[in-house]
Structures are given as structure tokens and as C-alpha cells.
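Take a look at the structure below.
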Protein chains: 2
Amino acid sequence: MTDLRGDVFRTIDPERPGSTSEEVISQLREMIHRGELRPGDRLPPERDLAKILGVSRPTLRAGIRSLAAVGVLQSRQGAGTFVVKSDGPPALDSSPLRLMASLHGFTSAEMFEARQSLEMAVAGLAAARATSDHMASLSEEIAGMFASLDDPEQFLVHDMRFHQAVAAASGNRILTSLMNMVATILFDVRRKTVKHATDLKESAEMHRQVYRAIRERNPEAARIAMRDHLMLAQRAQESERISEVEDGLERAG
Amino acid sequence: MTDLRGDVFRTIDPERPGSTSEEVISQLREMIHRGELRPGDRLPPERDLAKILGVSRPTLRAGIRSLAAVGVLQSRQGAGTFVVKSDGPPALDSSPLRLMASLHGFTSAEMFEARQSLEMAVAGLAAARATSDHMASLSEEIAGMFASLDDPEQFLVHDMRFHQAVAAASGNRILTSLMNMVATILFDVRRKTVKHATDLKESAEMHRQVYRAIRERNPEAARIAMRDHLMLAQRAQESERISEVEDGLERAG
DNA sequence: TTCGACGATATGGTTAGAACATATTTGAGA
DNA sequence: TCTCAAATATGTTCTAACCATATCGTCGAA
């Protein structure tokens, strides 16, 4: 959370193409691309930055807001505006996808399928690349699942962490981000349905299949195991609570 | 582009959690989720809508701007603010991913791999589902490639359209959107390198392999063919112009 | 009558200045 | 040295006005 030297900002040329606030966005974006703004950095106060860039404060705020909307900046009243720094893997905001889903009537089946494809891809990569550390994490979550067969809430925690661990083992942060984007949208639904789950043991067993395939460095088997696991999960969810699934897709925001 | 009846908007309760502008965003988002705002709709003028929602115009504008940043709304000076209506498949803005790439130092290899995984998934689905119309489109673009072996620019057009057609044939708009998101980032680089391409014929041939696999309804073959095609493309690009690739990743915004 | 140009109106974009709310820092007092 | 309250820093919202552009209607010319 280091402060910035003031001299990296340049005054905006009012005759550049695009509107003034667009120009503010470009300016900030390019500073990020050039590495002058790094995760955790704090921007100068709005009043100062507006002067430096040569625009009014509302215009500057408009630019900041646009970048905040896509998850790059974060403003905290009284504290300042910061470049987002995530602890875990980089996270893309899923609300744009949610809105697109509503606008274009994406079905939950389509959403499930997208998740399945992404998870299969990630599982395949993980089988090829997982380090022993990754293997250990996976194993740990599997153990956690078997230890919480009678506690659906707890089971779900290990379930999600397992999928995160597989994604981490894949070594591809982009696919991981996209996967999380889709998974997030399906999450609320999942949390609701998990209470009614009757076959946690079978689910844990299928996770173990995925783990074994990864451990044996067999990408194709990992893909298949992941596919089967998610197919079962989808069927369970759909058969139990169609209405809530639809609800989740429509309402979540 | 129908105008909205004014009575679908509700006044905002200032005591709700979150800031006022957050509340505006939620309000608009929920109207989209509920289907009260549909693609192409025009929002009431800012001055009116601000009164209706019971907030000031700058606050309303802040909300609009946030939704515009994620590609859901679009404001046109003098005309109005509209819910985005895309002609083709729904498009997710790729700039958030670009920024994440810069912030977290995603490598171009990682980006390529993500694209490859997505395209393989999509090709596999296309092989299972493509209609005869889809087949025709694919075939047409293949023909276009062979017809423009001596015109790299034109070849690239058919190349991209082929990939779009495969995505369309997959029937999954979410995967298509994600694929395009990644592909868009790699596009500028591709356009630069295509001029130096020496093996357009080989590339066209590989596309044809993908097409044949889809036509024969062989998902696994389609995946393999797509993988080989993209691997070759990546190698060609990397070997020719490493510097420009890096440039593209850093600068594009 | 039809078509084009011009101007009026509608609408988003920008600026200014002030008041407000919350987070952080400072300093006084125990 | 620690704790808590006041002061300061900083983002948030509001009011009011003016600018820039798009749209649409009207008027005039062909």
C-alpha cells in the first residue's frame, strides 16, 4: 500500500479523441499496463489527482468509477482509492456475466455446461502439472469431505476448496478466473440444494476419482472424472429444485 | 428501441444498506433480471429518472456509468441511454481481463493456453451439435481461406469467421463469450503477425481438419484438430515476433 | 409534392462549489 | 505507555448551471 510519487501522472490533453472521462480511463489504464500502478497502490486524493490531470473532480470520479466497476480500483470513503489487490487468484467480477445471462436468457443448462467445460479443461491441465504441494491440498480436501459426510454445509466448503485447488494446480490463472466467474453464479443455488443432498458419499467418491487421475498424471481420466462428477451434481440439482435454480439465475445480481 | 413506461421505476429507499449509488445500480440490475429492461430499451432521460428514483443526477449518473463500464448500458450524447443490444452473440468486455493480465503479469503463453482450452471445448461441442446450416458456414469459410492464400489480410478474416462459426455451432453462448473475450486480447497481435505468415496453406489445411471432424460428428477428433491448429499458430507467432506479442499484452487496453 | 438544409429541442457530458459521512491520524490525558 | 476523543483526510452526495451533440420538425427550394 505504498503511496505514489506524484510525477507519474500527466496532464490530459483536452483535444484527444473521445470524451474527457474516456481519456481519464485510458490514462489510468495505461499506467496500469505500464506497471506504474500496481496492486495495492493508493491513488492520490481525488482533489489532487483532478488538478494533476487537468479535469474536474466529477469527471475524474466518472473515470475512477468505471474502473471500479470492472474490479480494478476500489474506493474506500475516508481512506482513499486503491488498485485492487487480491489475496487469492485474480478475480473477475461475475456480475457482467449475470446481467448478460438475464438479458439474453441464458439457461441454467448452458451455464452448467460452460462450467463443466472449464472444469474439465482445468482438471486436464492439473493432471499434467500438479506439484506435490497441490496433490497434498487436494488430498486434504478429499479427506475433509469424507470427514463431513453428515454435515452438508461443511462438506460444501471442502467441495469448493477442492475445485479451487484443482484450478490452482492447473497453473492457468486465466482459466481459473473464468471458471470462478461461472461457478460464482451457480454457487448460491448450490448452497441451497446441498442441504437436501442425500448422496454426499457418492459425491466424495467422485471427487476422489478426480484426485486419483490427477495423481496418476492422467489428463484424460481427470477430465472424464470431472465430467462425471459435474454431470451428477447437475442432475441432482435439477431434479431436486428446478424452481430455485431458475430463481437463482434470474435474481442473483 | 421502445421507450419505457415510467411506472416500472420505484423510488429508492435512502436507508437501504450500501451507498446511494450502489442502490441505483442494484435497482437497475434487478430491473434487468426481472426482464423489465430489455436489450434495446431506452432509459428515461437522466433528469427524469433521477427524480423518479429520488436521487440527484450525479448519483444516478454514477450508477449508469458503472453499468456502462461492464457493457450493459450505453449512453449516447444527445440521444439517450440504452440497454445494449448486440447483433451477434452477447459480448463480454475484454478490458477487465486485459487489466488483470497487466496487474498480475499473465504471460502470453497462459493466454494462449486459455484460448486453446476454450476453443477445444467449443469444437468438441460443435462436433456433437452443429446443424447443417452451421456446417455450411464452416465450409464456406474454409473455401474462403483456400481462395485467399495469397492475401493474408483476407485470410485472417475467414480465419476469424471460421472460429466464430465453430463457436456458434457449439450452441453455448457463455463459452462463446468467454472465448471471444480471450481471443480479442490476442487479436491485435495476430493481425500484426499474419503479414509474415508463410504457411497459410498449412493453416487452411488444419482448419479443414477441424471442419471434417465436426462434420463427422467426432468430438474428440475435433478437439485434437483444434489443439494442433492453435499450437501451430502459437508457435508461428512466438517464433516470429516475441517482442510484439509482449507488446500487445502490455499495451492493449 | 418531395427532398434537403437549418434551427429548435432533447439529452448526455462537464464544471463549479459546497455540505456530508466515514476512515485515519494526532494528541491530550490517564 | 496506553486509550480515547478531537482533528484531519478523503470519498460521497447534492444543487445549479452551462456545453456539445443527436434528433426531429419545419420551412424553403427544386
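Residue numbers begin at 1 in each chain, while the letters A, B, ... track the order of the sequences.
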Nearest-Å distance for atom pair [atom1]/[atom2], residues [X] and [N]:
| X | N | atom1 | atom2 | value |
| --- | --- | --- | --- | --- |
| A/R76 | C/dT25 | CZ | P | 11 Å |
| A/L53 | C/dT15 | CG | C1' | 15 Å |
| A/D48 | D/dG11 | CG | C1' | 13 Å |
| B/L43 | C/dG13 | CG | P | 12 Å |
| A/K51 | D/dT10 | NZ | P | 13 Å |

Partner residues of [X] under the side chain to side chain donor-acceptor pair (under 3.5 Å) criterion, sequence neighbours left out:
| X | result |
| --- | --- |
| B/R65 | A/S21, A/S66 |
| B/S86 | none |
| A/N172 | B/E113 |

So, using side chain to side chain contact (heavy atoms under 4.5 Å, CB included) as the criterion, who are the partners of [X] when residues are at least two apart?
| X | answer |
| --- | --- |
| B/S94 | B/R98, B/M181, B/T184, B/I185 |
| A/T176 | A/P89, A/A167, A/S170, A/N180 |
| B/A130 | B/H134, B/M135, B/A169, B/I214, B/R217 |
| B/S137 | B/A165 |

- Task: Check whether any side-chain heavy atom of B/F112 lies under 4.5 Å from a side-chain heavy atom of B/L186, and answer yes or no.
- Result: yes
- Between A/T20 and A/T59, do the side chains contain an N or O donor and an N or O acceptor separated by less than 3.5 Å? no
- Establish, with yes or no, whether the OP1 or OP2 oxygen of C/dG12 is under 4.0 angstrom from a side-chain nitrogen or oxygen of B/T81. yes
- What string of B, S and - do you get for nucleotides 3-8 of chain D 5' to 3' if you count protein non-hydrogen atoms under 4.0 Å? ------
- Message: Using the salt bridge (charged side-chain N to carboxylate O under 4.0 Å, His left out) criterion, which residues pair with B/R57? Sequence neighbours excluded.
- Response: B/E46
- Which residue pairs pass the ring pair (Phe, Tyr, Trp, His ring centres under 6.0 Å) test when at least one of the two sits in residues 160-182 of chain B, sequence neighbours left out? B/F162-B/H207, B/H163-B/H207, B/H163-B/H229
- Task: Could you check whether B/E46 gets within reach of a base, just the sugar-phosphate, or nothing at all, counting any heavy atom under 4.0 Å?
- Result: sugar-phosphate
- Query: What does the inter-axis angle of the helix from C/dT1-D/dA30 to C/dA30-D/dT1 come out as, five pairs per end, nearest 10 degrees?
  - Reply: 10°
Can you check nucleotides 13-20 of chain D for protein contacts, nitrogen or oxygen pairs under 3.5 Å, and list what you find?
residue	atom	partner	partner atom	Å
D/dT13	OP1	B/T20	N	2.8
D/dT13	OP1	B/S21	N	3.2
D/dT13	OP2	B/S21	OG	3.4
D/dC14	OP2	B/S56	N	3.2
D/dC14	OP2	B/S56	OG	2.7
D/dC14	OP2	B/T59	OG1	2.2
D/dC14	O5'	B/S56	OG	3.3

- Message: With nearest nucleotide decided by heavy atoms, which residue, B/A79 or A/A79, maps closer to the 5′ end of DNA chain D?
- Response: A/A79
